[in-house]
Amino acid sequence: MRKLTISNFKAFGENPVVFGGETAEGKPMNILCFGENGSGKTSVYEAIKLAFHKERIEQERIPARYQGLERINASRQILIEYKNKKSVAEPLIEINGVSFETFNKDYYNVYMLNGNDIKVNGFLDLDVLLKSLYLARHNIDTELTDESYLCILSEVNLSLQKFFYEDISLTSSQNAAYRIVIQDVNQNLVSDDNLNLLFNEAKLNLVALLLTLESIQLFAPPERRSKKILVLDDIFTSLDTANRMFLYEYLVTKFGEFQVILLTHNTSFYNLCDFFLKEDDKRNRLWLRQGIYEYNNSHKVYAISTENIITRIETELNNHPEHIHSIGNDVRQYFEVLLHRYTLLLMAGAKEELSNLLVDIQKKCLNRSFHVAGNRIETYNDLIKSIVSILKDVPLDNQLNKINNVIARFNDSNDGVDKLAEQLQAMTIYQKVALHQSSHGHQGLPDLSAKEIKASLEVLRKMEDTIKKMKVERI
């Protein structure tokens, strides 16, 4: 899947968003995508699911007794339910430029998995688990046999040791077909029931995830013409921090023949994957980084590319000054993208509206919720921890002095983030005066000038430079 185009679908409005890309050789790229909760990440996941599993969705939601026109109308109603609430037009999903309704999916095998799919309760039956998932067009009743079941268990045990360094292992239960027994020798635990009471939740989630992924490995068609896609949506937050790192290596090692799409709202996992990919140039060329964000009640998707966007905009301005309004819109959109990339680096909380982040950064050292401390970002949580530590460990007569020093350091006017405050203050002016009108064409505002565009580009260039320095811990 080289390109997924979506509009009028769930979070996404009339302006189409494009998800995906291709390598220099024309092959579909793997995708590492960050999007906060509510940004539209799940909408992308649901669009892929609808595009490739429409028959399964209809089978689950339309009663079998509906036939003919009644079934056609019910199918139509399902599509309408995905429509963006503010859109008039019907939802649009295109795969490689072709409507998903007519796109030839014969050779596509798309495996969908999100974090809620791997929650383990009392017991774990492999057939029940696999039937609950959207796994291409496999018939679990015929493909899951005693032989394949034992093979999957064996592969999971090998992966638990090789990639995750876990001491637990899996065996077959005698109490039900395809039921899993989990054994932890160190804790002297062996059970196929009450698993959620006996074992760590993160370990159970890892087991369920590996059972699913090893089943996909076994069942996926080996033919070269087969197009295999693995879509993972926020399966990472349910794992231990260390296992998230190991999961990256597991995926890139074992799913090299798949197009892998990783969707996450976890900034640390995104940045971790981004770092490891850049350490391996061969792998890095196969991965596209994308961001999904909400700004001014609009949900958008962008790709982080090697293209020098500012130079391209400058060239367009010099060669086609008559395009100044569309150029201003390009500047505004790139400004939003840079703000979103700051969010990834600053990790300034859970759901952080970009407009709020902009205001927060511009506060400089006064009442700001974070600051740069050497090569890391500290938040108020870190400040509180430092104060608690002082109250616990420092003699009473020296506590006030120590606390004042910690607070003074947090509000240091030489803080690296202050270096971008002036840039963003300037950018806000251009956004409100120049870029705002280029986007909305308000009557009564002065005409947009090339001078204002050039000033905006200079601010963007400084922002880009700041991002580069932050990524190498040099701010």
Side-chain angles (χ1 to χ4, degrees), residues 109 111-222 228 230-232 235-236 238-240 242-258 260:
N109 293 271
Y111 303 87
M112 313 283 299
L113 186 63
N114 68 39
N116 293 326
D117 295 330
I118 57 174
K119 301 294 184 182
V120 180
N121 293 315
F123 55 86
L124 187 55
D125 287 0
L126 184 59
D127 59 337
V128 175
L129 172 65
L130 297 181
K131 287 178 182 179
S132 70
L133 306 176
Y134 287 78
L135 304 181
R137 293 182 291 272
H138 296 292
N139 186 335
I140 302 303
D141 286 330
T142 59
E143 295 187 57
L144 183 61
T145 63
D146 291 343
E147 183 180 5
S148 63
Y149 170 61
L150 294 176
C151 180
I152 291 167
L153 291 186
S154 176
E155 289 300 315
V156 171
N157 286 333
L158 287 174
S159 293
L160 282 168
Q161 295 178 19
K162 179 180 178 181
F163 291 96
F164 298 92
Y165 307 97
E166 292 284 356
D167 294 327
I168 59 174
S169 60
L170 312 183
T171 57
S172 176
S173 171
Q174 302 302 312
N175 296 323
Y178 308 127
R179 180 162 294 186
I180 308 295
V181 174
I182 302 181
Q183 180 175 3
D184 187 332
V185 176
N186 293 335
Q187 300 295 325
N188 195 28
L189 293 174
V190 180
S191 182
D192 67 351
D193 201 2
N194 295 318
L195 298 179
N196 55 322
L197 301 178
L198 297 173
F199 296 93
N200 175 277
E201 180 184 10
K203 288 185 185 292
L204 291 178
N205 292 337
L206 176 62
V207 167
L209 176 61
L210 290 180
L211 283 168
T212 303
L213 293 176
E214 292 297 346
S215 298
I216 292 171
Q217 282 279 339
L218 182 64
F219 295 152
K228 295 170 283 192
L230 177 64
V231 186
L232 303 177
I235 63 168
F236 322 102
S238 61
L239 305 180
D240 288 334
N243 280 337
R244 295 175 197 171
M245 179 179 67
F246 298 146
L247 179 61
Y248 160 81
E249 188 61 31
Y250 171 86
L251 289 172
V252 297
T253 300
K254 301 205 69 170
F255 285 85
E257 295 183 358
F258 287 67
V260 180

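Reckoned from all heavy atoms, side chains included, excluding hydrogens, waters and symmetry mates.
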Q | Within-4.5 Å side-chain heavy-atom neighbours: Val181 and Ser172 | A | no
Q. Would you call Ile216 and Leu230 a side-chain contact if the rule is heavy atoms closer than 4.5 Å?
A.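 Sidechains of Leu230 and Ile216: in contact.
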Please report the closest heavy-atom contact between [X] and [Y], naming both atoms and the distance.
| X | Y | result |
| --- | --- | --- |
| Leu129 | Ala208 | CD2-O, 3.8 Å |
| Leu198 | Asp193 | CD1-O, 3.8 Å |
| Leu218 | Cys151 | CD1-SG, 4.2 Å |
| Leu251 | Leu213 | CD2-CD1, 4.1 Å |
| Ala202 | Leu239 | O-CD2, 4.1 Å |
| Phe199 | Asp184 | CE2-CB, 3.9 Å |

Q. Using the benzene-type ring in the case of Trp, are the ring centres of Tyr165 and Phe246 under 6.0 Å apart?
A.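 When the ring centroids of Tyr165 and Phe246 are compared, they turn out to be within the sub-6.0 Å range.
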Within 6.0 Å of [atom1] in [X], more than 12 heavy atoms from elsewhere:
| X | atom1 | value |
| --- | --- | --- |
| Phe258 | CZ | yes |
| Asn186 | CG | yes |
| Glu201 | CD | no |
| Glu249 | CD | yes |

Q: Could you walk me through whether Lys131 and Asp141 pass side chain to side chain contact (heavy atoms under 4.5 Å, CB included), step by step?
A: CA-CA 9 Å; Lys131 287 178 182 179; Asp141 286 330; 2.5 Å; yes
Roughly how far, to the nearest 0.5 Å, is [atom2] of [Y] from [atom1] of [X]?
| X | Y | atom1 | atom2 | result |
| --- | --- | --- | --- | --- |
| Leu124 | Ser191 | CG | OG | 11.5 Å |
| Ser159 | Phe164 | OG | CZ | 7.0 Å |
| Thr253 | Phe163 | OG1 | CZ | 4.5 Å |
| Glu214 | Leu209 | CD | CG | 10.0 Å |
| Leu210 | Ile152 | CG | CD1 | 12.0 Å |
| Leu211 | Leu170 | CG | CG | 5.5 Å |

**Q.** Plane angle bin for His138 and Phe219 - parallel if under 30°, tilted between 30 and 60°, otherwise perpendicular
**A.** tilted
Q: Kindly assign one of parallel, tilted or perpendicular to the pair Tyr149 and Tyr178, based on the angle between their ring planes and the thresholds 30° and 60°.
A: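 It falls in the perpendicular class, over 60°.
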Q | Derivation and outcome, side chain to side chain donor-acceptor pair (under 3.5 Å), residues Asn196 and Asn121 | A | CA-CA 5 Å; Asn196 55 322; Asn121 293 315; 5.0 Å; no
(Q) Please determine whether side chain to side chain contact (heavy atoms under 4.5 Å, CB included) holds for the pair Thr171 and Leu153, giving the CA-CA distance in whole Å, both sets of side-chain angles, and the decisive distance to 0.1 Å. (A) CA-CA 7 Å; Thr171 57; Leu153 291 186; 5.6 Å; no
Q) Yes or no on side chain to side chain donor-acceptor pair (under 3.5 Å) for Thr145 and Ser148, after CA distance, side-chain angles and deciding distance? A) CA-CA 5 Å; Thr145 63; Ser148 63; 3.3 Å; yes
Q: Can you run down the salt bridge (charged side-chain N to carboxylate O under 4.0 Å, His left out) pairs that involve residues 153-169, sequence neighbours left out, and say none if there aren't any?
A: Glu155-Lys254, Glu166-Lys203
Would you be so kind as to tabulate the donor-acceptor pairs closer than 3.5 Å made by side chains of residues 112-120, with sequence neighbours excluded?
{"from": "Asn114", "atom 1": "OD1", "to": "Asn116", "atom 2": "N", "distance (Å)": "3.0"}
{"from": "Asn114", "atom 1": "OD1", "to": "Asp117", "atom 2": "N", "distance (Å)": "3.3"}
{"from": "Asp117", "atom 1": "OD2", "to": "Asn114", "atom 2": "N", "distance (Å)": "2.9"}

Q: Look only at the side chain of Arg244 and the backbone of Phe236, and say whether a donor-acceptor pair between them is shorter than 3.5 Å.
A: yes
**Q.** Step-by-step side chain to side chain contact (heavy atoms under 4.5 Å, CB included) determination, Ile180 to Ser173
**A.** CA-CA 6 Å; Ile180 308 295; Ser173 171; over 6 Å; no
Q: Give the intermediate values and the outcome of side chain to side chain contact (heavy atoms under 4.5 Å, CB included) for residues Leu160 and Ile168.
A: CA-CA 8 Å; Leu160 282 168; Ile168 59 174; 4.2 Å; yes
